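The block underneath contains the structure these notes are about, expressed in structure tokens.
The structure displayed is predicted, hence computed values, not measured ones. Sequence lines set the chain letters: A, B, ... in the order given, protein chains first and strands last, and positions in each chain run from 1.
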2 protein chains.
Amino acid sequence: MNGIHNTSPEACSDFPAVLERVFAFATSVQHYMEAGLTAHGLSRPRASVVWLVHRNGPQTQRALARAIGVTARNVTALVDGLEQSGFVRRVAHPEDRRALLVQLTDQGRSVTARLAAEYERHSAYLFAGLPDEQVRQFVASMDLVMGRLAQVATGTVDR
Amino acid sequence: MNGIHNTSPEACSDFPAVLERVFAFATSVQHYMEAGLTAHGLSRPRASVVWLVHRNGPQTQRALARAIGVTARNVTALVDGLEQSGFVRRVAHPEDRRALLVQLTDQGRSVTARLAAEYERHSAYLFAGLPDEQVRQFVASMDLVMGRLAQVATGTVDR
DNA sequence: TATTGTTATACTCTATAACTATA
DNA sequence: TATAGTTATAGAGTATAACAATA
């Protein structure tokens with residue numbers, strides 16, 4: 001690759017410093033996401049609802065709550081907001097009369113299409129010029145760290 | 001944009017898929033941060049105040065507001081919470097009688113020390129066994145993507 | 001009895017706008 | 001006039017708990 005032969009005395013990685021970079025990176029990505037969604041009239045939590053329905057089809061609020069990891073009460077609020085702003089609609093569940101299905105409206109389908117197009121465009125720019133190998137390794141590193149974060153979080157490791 | 005003529009069959013990376021991984025990674029890191037802070041009685045916004053004071057010493061709320069990127073009103077609320085929970089204290093500014101300085105209490109100093117120790121421990125685990133070169137490249141990739149995200153966000157690139 | 005979704009209530013973070021006390 | 005911080009008000013996201021209708 002590009003020989004960054006850091007021969008300096010402390011050539012070894014400063015792990016806490018790397019973790020701080022990871023935090024900064026995550027925050028930066030978060031801001032990017034929020035900004036993009038806001039421009040389309042969506043917040044991050046609402047977008048997660050829209051995206052789940054887009055990907056997996058009409059679902060009960062209960063299913064959404066489990067997928068997102070929030071309480072049922074919260075999904076009620078999110079869907080309320082999304083219904084008011086016209087992105088989704090609640091319809092009766094065909095078999096279970098307790099449940100409702102959340103489905104996208106035309107406006108909801110339109111916004112997911114625009115977001116997908118935007119991400120395609122942006123991702124092409126974000127990773128332009130990077131050697132394939134570097135991209136692969138980047139993804140591999142993220143996956144590895146993500147996996148270990150999960151272990152730290154679940155207490156598999158000492159906290 | 002800049003002509004990215006991806007001529008290879010499909011040996012090349014699926015950029016939108018990579019971007020989705022980046023989103024998942026950022027979300028995962030965010031959860032890890034929140035969880036760790038909550039365990040110490042801090043929320044992410046409050047921790048950012050505590051961390052800034054820890055790093056840069058006693059500061060006015062105005063300075064904190066600018067550093068964090070929120071309104072002055074918000075900092076008032078954050079410092080209110082932190083004062084109630086005993087992490088910081090407001091003291092008169094020695095020269096400017098309009099201003100207040102936010103400084104850490106013993107409890108505040110204690111929590112930053114514990115957090116720093118925890119991050120040191122966790123980072124050692126998170127990156128354990130990774131070749132130095134891979135860690136360096138991971139950081140380099142994050143930096144590159146972060147830089148381009150900023151460009152996308154500021155509209156330097158088409159949106 | 002258990003589950004789906006709601007109402008009721010509360011806490012945190014965020015923002016604008018108007019106000020005070022000082023510079 | 002401008003700045004530092006506050007009060008007032010509002011909206012979004014999160015959580016628990018109690019309740020209705022239905023399984």
Side-chain angles (χ1 to χ4, degrees), chain A residues 27 30-31 33-53 58-103, chain B residues 27 30-31 33-53 58-103:
Chain A
T27 302
Q30 210 77 29
H31 285 164
M33 281 199 280
E34 298 276 348
L37 295 172
T38 299
H40 290 279
L42 288 169
S43 64
R44 221 251 323 122
R46 290 185 187 182
S48 68
V49 168
V50 169
W51 206 250
L52 277 169
V53 177
Q59 288 158 78
T60 63
Q61 297 188 177
R62 206 57 179 192
L64 290 168
R66 274 192 266 266
I68 301 174
V70 298
T71 62
R73 173 64 188 90
N74 251 311
V75 173
T76 296
L78 294 175
V79 173
D80 281 350
L82 285 168
E83 213 168 26
Q84 275 198 319
S85 41
F87 292 105
V88 307
R89 158 193 327 125
R90 282 185 247 235
V91 300
H93 191 292
E95 290 147 24
D96 187 338
R97 279 168 37 200
R98 292 170 306 178
L100 295 169
L101 289 178
V102 178
Q103 66 179 207
Chain B
T27 302
Q30 211 76 30
H31 285 164
M33 281 199 279
E34 298 277 348
L37 295 172
T38 299
H40 289 279
L42 287 169
S43 64
R44 221 251 323 122
R46 290 185 188 181
S48 68
V49 168
V50 169
W51 207 250
L52 277 168
V53 177
Q59 288 158 78
T60 63
Q61 296 187 179
R62 206 56 176 195
L64 291 168
R66 275 192 266 267
I68 302 174
V70 300
T71 63
R73 174 63 188 91
N74 251 311
V75 173
T76 296
L78 293 176
V79 173
D80 281 350
L82 285 168
E83 215 169 25
Q84 276 198 319
S85 42
F87 292 105
V88 306
R89 156 193 328 126
R90 283 184 248 235
V91 301
H93 190 292
E95 290 146 24
D96 188 338
R97 280 171 34 202
R98 294 170 304 180
L100 296 169
L101 289 179
V102 178
Q103 65 178 207

Heavy-atom closest pair (A:Q103 atom, A:P58 atom, distance to 0.1 Å) is CB-CG, 3.9 Å
From CD of A:Q30 across to P of C:dC13 the rounded distance in Å is 16 Å
Looking at side-chain heavy atoms only, is the closest gap between A:V102 and A:L52 below 4.5 Å?
no
Quick tally for nucleotides 17-23 of chain C: nucleotides whose base has a protein heavy atom under 4.0 Å get B, sugar-phosphate-only ones S, the rest -, giving ----BBS
Would you call A:T60 and A:L101 a side-chain contact if the rule is heavy atoms closer than 4.5 Å?
yes
Rounded to whole Å, CG of B:L64 lies from P of C:dC13 at a distance of 14 Å
Taken to the nearest whole Å, CD/B:E34 to P/D:dA15 is 11 Å
Of all heavy-atom pairs linking A:Q61 and A:R90, the shortest is OE1-NH1, 2.5 Å
Between CZ of A:R62 and P of D:dT22 the distance, given in whole Å, is 17 Å
Atom CD of A:Q61 and atom P of D:dA21 are separated, to the nearest Å, by 18 Å
Nearest heavy-atom approach of B:L100 to B:A92 is CD2-CA, 4.4 Å
### Query
With a 4.5 Å limit on heavy-atom distance, are the side chains of B:S85 and B:L42 in contact?
no
Name the atoms and distances for all side-chain donor-acceptor pairs under 3.5 Å in residues 65-73 of chain B, with sequence neighbours left out.
residue: B:T71; atom: OG1; partner: B:N74; partner atom: N; Å: 3.3
residue: B:T71; atom: OG1; partner: B:N74; partner atom: ND2; Å: 3.4

Smallest heavy-atom separation, A:R44 atom then A:L37 atom, equals CA-CD1, 3.8 Å
Q. Should B:R66 be listed as having a side-chain N or O under 4.0 Å from OP1 or OP2 of D:dT3?
A. no
Give a yes/no on whether any side-chain N or O of B:T60 is located under 4.0 angstrom from OP1 or OP2 of D:dA4.
no
Quiz item: Would the number of heavy atoms belonging to other residues, nucleotides or ligands and lying under 6.0 Å from NE2 of A:H31 be above 12?
Solution: no
Discussion item. Looking at B:T71, I'd like to know whether one of its side-chain N or O atoms comes within less than 4.0 Å of OP1 or OP2 on C:dT14.
Written reply: no
Do any N or O atoms of the protein come closer than 3.5 Å to N or O atoms of nucleotides 10-13 of chain D, and which pairs are they?
residue: D:dG13; atom: OP1; partner: A:S43; partner atom: OG; Å: 2.2
residue: D:dG13; atom: OP2; partner: A:R46; partner atom: NE; Å: 3.1
residue: D:dG13; atom: OP2; partner: A:R46; partner atom: NH2; Å: 3.3

The answer to which of B:A63 and A:V70 contacts DNA chain D further toward the 5' end, by nearest nucleotide, is B:A63
